[in-house]
Amino acid sequence: MDFELKTLSLDAAATDKCDALVLVLGESFKPGKDALSRLAHEAIQAGHLEPKAGKMLQAYRSDGIAAPRVVLVGAGDCSAKRVHAAVHAAVGALRTSKAKRLMICLPDAHGDAVRAAVSATAEASYVYVATKSKPEGRELQRVTIAVSDAAQHKAAFGASRAAAHGIEFARELANMPPNMATPTRLGEEARKLARAHGFQCEVMGPKEIAKLGMGSFMAVAKGSEEPARFIVLKHLGGPASQAPVVLVGKGITFDSGGISIKPAPEMDEMKFDMGGAASVLGTFRALGDIKPKLNVIGLIPTCENMPDGRSVKPGDIVTSLSGQTIEILNTDAEGRLILCDALSYAERFKPGAVIDIATLTGACVVALGAVRSGLFSTDDALAQALLTAGEAALDLCWRMPLDDEYADGLKSNFADVANVGGRAGGAVTAAKFLQRFAGKYPWAHLDIAGTAWKGGAVKGATGRPVGLLVRYLLAQALAAAPASKPTKAHKAAKTAKTIKASTRSARAR
Ligand code: BES
Ligand code: MN
Ligand code: ZN
């Protein structure tokens with residue numbers, strides 16, 4: 001499925017031979033003389049439609065409108081959130097229509113509305129078919145976003161289209177069954193992405209991982225027949241002098257808990273435990289389209305967590321890449337064990353920021369549910385940038401604390417640190433564990449345990465937080481781009497900001 005952006009009046013849109021048309025109406029909608037306006041105006045007058053958010057009306061073979069199906073939907077004040085909800089509902093209503101070509105008219109469009117319409121359409125029309133014998137429901141091929149001035153929205157459109165592709169890529173990978181989406185497969189997908197978009201890519205196997213000294217990562221991987229992989233992806237779009245952003249994704253392709261085995265109900269959902277890895281690959285998929293002038297490095301430690309005669313046992317002590325020894329008291333707290341070695345590995349890139357993304361704790365699901373991802377950071381500027389990106393992308397997160405007292409439970413009598421604290425504040429103690437390995441750069445951790453997938457009847461991956469990450473990286477690229485003609489005052493302000501930022505991160509260290 002692909003998107004295009006077009007300048008089209010409602011008059012022209014009405015005569016376009018698409019299979020279905022969605023008209024998004026704001027409260028300030030001013031009807032023209034065209035057939036679509038007439039339809040909307042009559043429906044509003046008759047009280048059958050309100051431009052209020054969430055109200056929807058469907059029409060069939062309407063006079064003067066070429067599309068057989070028309071959905072009129074209210075978007076209230078036309079904020080990004082309202083447009084997203086409106087388009088999501090309308091496209092959802094058309095899911096079973098088998099439409100190949102869809103037109104979405106945004107007469108009151110602004111940049112955020114265009115972005116929201118693209119992401120909502122992609123989200124609502126996604127259908128998983130990879131392992132179905134009959135691939136039904138994937139009829140939609142082309143979506144046209146019709147606005148009054150396409151040139152004005154070109155940048156917003158391009159970025160949101162790329163993000164939509166990235167989100168779809170992440171969903172597709174995370175939805176795949178664990179016997180297919182193996183660590184080996186993730187490595188192959190990374191290589192394929194690299195080939196298609198010109199990234200640098202290195203995929204390491206068990207021998208290389210052991211040689212690096214990643215004793216903690218190896219401990220998790222050794223109970224499985226599937227060989228582990230450590231994936232390094234690089235998009236080097238910025239100058240060599242620019243410190244890269246490093247994204248680290250948890251890639252547990254199946255989390256049985258290991259010897260500290262999980263209960264049977266819903267254990268299948270632990271195939272989604274590579275959601276962090278999928279989000280890093282999805283973000284690179286988007287970078288491939290956008291090609292921002294930014295250096296971004298993706299690191300993915302990936303393996304299975306399985307019980308076996310060779311598995312790591314509760315009480316085992318391992319030496320991490322950092323040199324710190326870890327007492328593994330619970331083999332189900334495996335995410336932090338593979339991430340800590342990747343966080344140490346990240347130091348070699350002298351990063352400007354490191355963001356890890358992980359389906360890390362059930363406790364985070366209890367704390368924040370499925371609405372916001374947990375955000376932990378040692379750097380206020382980085383935290384703020386991620387919060388802002390999340391709001392803009394409608395992919396929300398919420399900052400959580402990192403007080404040192406939360407680390408008390410991680411003390412061990414036999415090693416430098418234990419891999420679990422008590423039950424209380426479980427999302428925070430997990431973050432405190434990671435923080436020990438992320439002291440050399442500004443760091444943020446996104447716990448996506450509640451947001452990476454949905455359970456129940458709508459079981460499936462969400463692709464979060466690809467939207468947030470793409471938005472954050474684009475903001476970074478914009479900030480890094482030299483101003484076209486910097487004035488003296490401009491330069492002075494910029495220097496002041498840089499100094500402030502560097503003292504802040506120095507303190508965080
Ligand atoms: N992958 C899980 C976290 C998880 C659990 C995500 C449920 C989404 C839903 C992680 O590896 C895990 O098992 N964490 C344990 C940690 C505990 C043993 C300290 C948990 O949250 O129970
Ligand atoms: Mn686990
Ligand atoms: Zn896990």
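Here the structure is a predicted model, which is why all the values come from computation and not from measurement.
With contacts defined as side-chain heavy-atom distances shorter than 4.5 Å, the pair Ile104/Val91 qualifies. In this structure the side chain of Pro301 reaches within 4.5 angstrom of the side chain of Phe217, judged on heavy atoms. In this structure, Thr451 and Pro465 have side chains that are not in contact, with every pair of non-hydrogen atoms separated by 4.5 Å or more. When side chains are defined from C-beta on, Leu446 counts as touching Cys397, because their heavy atoms get closer than 4.5 Å. Counting heavy atoms from C-beta outward, Thr302 and Phe230 have side chains that stay 4.5 Å or more apart. Between Gln384 and Asp380 the shortest side-chain heavy-atom distance does not fall below 4.5 Å. Using a 4.5 Å cut-off on side-chain heavy atoms (C-beta onward), Leu23 and Pro107 make contact. Under the 4.5 Å side-chain criterion, counting only non-hydrogen atoms from C-beta, Glu172 is in contact with Tyr126.
The local environment of NZ in Lys291 is crowded, with over 12 non-hydrogen atoms from other residues, nucleotides or ligands closer than 6.0 Å. Under a cut-off of 6.0 angstrom, the local environment of CD in Glu266 is sparse, with at most 12 non-hydrogen atoms contributed by other residues, nucleotides or ligands.
The side chain to side chain contact (heavy atoms under 4.5 Å, CB included) test with Thr253 is passed by exactly one of Cys303, Pro178, Pro183: Pro183. Of the residues Arg115, Arg464, Lys81, the one that meets the salt bridge (Lys or Arg N to Asp or Glu O under 4.0 Å) test with Asp395 is Arg464.
The salt bridge (charged side-chain N to carboxylate O under 4.0 Å, His left out) check on Asp2 picks up Arg161, with sequence neighbours excluded. With sequence neighbours excluded, no residue satisfies salt bridge (charged side-chain N to carboxylate O under 4.0 Å, His left out) with Asp108. For His197, the ring pair (Phe, Tyr, Trp, His ring centres under 6.0 Å) test picks out Phe199, with sequence neighbours left out.
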Any chance you could lay out the side chain to side chain contact (heavy atoms under 4.5 Å, CB included) test for Phe376 and Leu434, step after step, and finish with the verdict?
CA-CA 10 Å; Phe376 300 82; Leu434 294 178; over 6 Å; no

Check against side chain to side chain contact (heavy atoms under 4.5 Å, CB included), Phe3 and Thr144:
CA-CA 6 Å; Phe3 290 94; Thr144 307; over 6 Å; no

Worked verdict on Phe284 versus Val296 for side chain to side chain contact (heavy atoms under 4.5 Å, CB included):
CA-CA 9 Å; Phe284 269 82; Val296 187; 4.0 Å; yes

Walk me through it: do Met180 and Lys271 pass the test side chain to side chain contact (heavy atoms under 4.5 Å, CB included)?
CA-CA 10 Å; Met180 293 186 178; Lys271 72 172 183 177; over 6 Å; no

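Taking CG of Leu49 as the start and CG of Leu72 as the end, the distance is 5.5 Å to the nearest 0.5 Å. Between the CD1 atom in Ile252 and the CG atom in Leu339 there is a gap of 8.0 Å [rounded to 0.5 Å]. Thr378 contributes atom OG1, which lies 9.0 Å from atom OH of Tyr441 (distance to the nearest 0.5 angstrom). Rounding to the nearest 0.5 angstrom, the gap separating the CG atom in Leu469 from the OG1 atom in Thr283 is 4.5 Å. The CD1 atom of Ile300 lies 4.5 Å from the CD1 atom of Ile231; values are rounded to the nearest 0.5 Å. Atom CG of residue Leu474 and atom CG of residue Leu294 lie 8.5 Å apart, to the nearest 0.5 angstrom.
Considering all non-hydrogen atoms of both residues, Ala116 and Ala80 come closest at CB-O, 3.3 Å. Scanning both residues, Phe29 and Ala40, for their nearest heavy atoms gives CE2-CB, 4.0 Å. Residues Ala164 and Ala122 share a closest heavy-atom pair of CB-CB, 3.8 Å. Smallest separation of non-hydrogen atoms from Leu186 and Ala277: CD1-CB, 4.2 Å. The minimum heavy-atom distance linking Val280 with Val248 is given by the pair CG2-C, 4.1 Å. Heavy-atom minimum distance, Ser62 versus Leu39: OG-CD1, 3.4 Å.
With 3.5 Å as the limit, one finds no donor-acceptor pair spanning the side chains of Glu188 and Thr184.
In this structure a side-chain-to-backbone donor-acceptor pair under 3.5 Å is present from Thr121 to Ala117. A side-chain donor-acceptor contact under 3.5 Å links Thr15 to the backbone of Ala12. Between the Thr462 side chain and the Ala452 main chain, a donor and an acceptor come within less than 3.5 Å of each other. Remark: side-chain polar atoms of Arg171 are paired, donor with acceptor, to backbone N or O of Glu123 under 3.5 angstrom. Side-chain N or O atoms of Lys293 include none that pairs as donor or acceptor with a backbone N or O of Ala477 at under 3.5 Å. A side-chain donor-acceptor contact under 3.5 Å links Asn295 to the backbone of Gln242. Side-chain N or O atoms of Arg399 include none that pairs as donor or acceptor with a backbone N or O of Leu375 at under 3.5 Å. In this structure a side-chain-to-backbone donor-acceptor pair under 3.5 Å is missing from Asp255 to Met270.
The pair Lys459-Asp268 meets the salt-bridge criterion, since a charged nitrogen lies less than 4.0 angstrom from a carboxylate oxygen. A salt bridge is defined here as a Lys NZ or Arg NE, NH1 or NH2 lying under 4.0 Å from an Asp or Glu carboxylate O, and Arg372 with Glu391 meets this definition. A salt bridge links Arg185 and Glu189; the closest N-O separation between the charged side-chain nitrogens and carboxylate oxygens is under 4.0 Å. The residues Glu334 and Lys250 are annotated as salt-bridged, a charged nitrogen and a carboxylate oxygen being separated by less than 4.0 angstrom.
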Please list every donor-acceptor pair under 3.5 Å in which a side-chain atom of residues 352-371 meets a protein atom from a residue at least two apart or in another chain.
unit_1, atom_1, unit_2, atom_2, d
Asp356, OD1, His445, ND1, 2.5
Asp356, OD2, Trp443, NE1, 2.9
Thr359, OG1, Asp273, O, 3.3
Thr359, OG1, Asp273, OD1, 2.4
Thr361, OG1, Cys364, N, 3.1
Thr361, OG1, Asp447, OD2, 2.7

Please tabulate, for the side chains in residues 92-103, all donor-acceptor contacts under 3.5 angstrom to protein atoms that are two or more places apart in sequence or on a different chain.
unit_1, atom_1, unit_2, atom_2, d
Arg95, NH1, Ala124, O, 2.7
Ser97, OG, Leu94, O, 2.7
Ser97, OG, Ala99, N, 3.3

Give the table of side-chain donor-acceptor pairs shorter than 3.5 Å for residues 145-157, with sequence neighbours excluded, one pair per line with atom names and distance.
unit_1, atom_1, unit_2, atom_2, d
Asp149, OD1, Ala151, N, 3.4

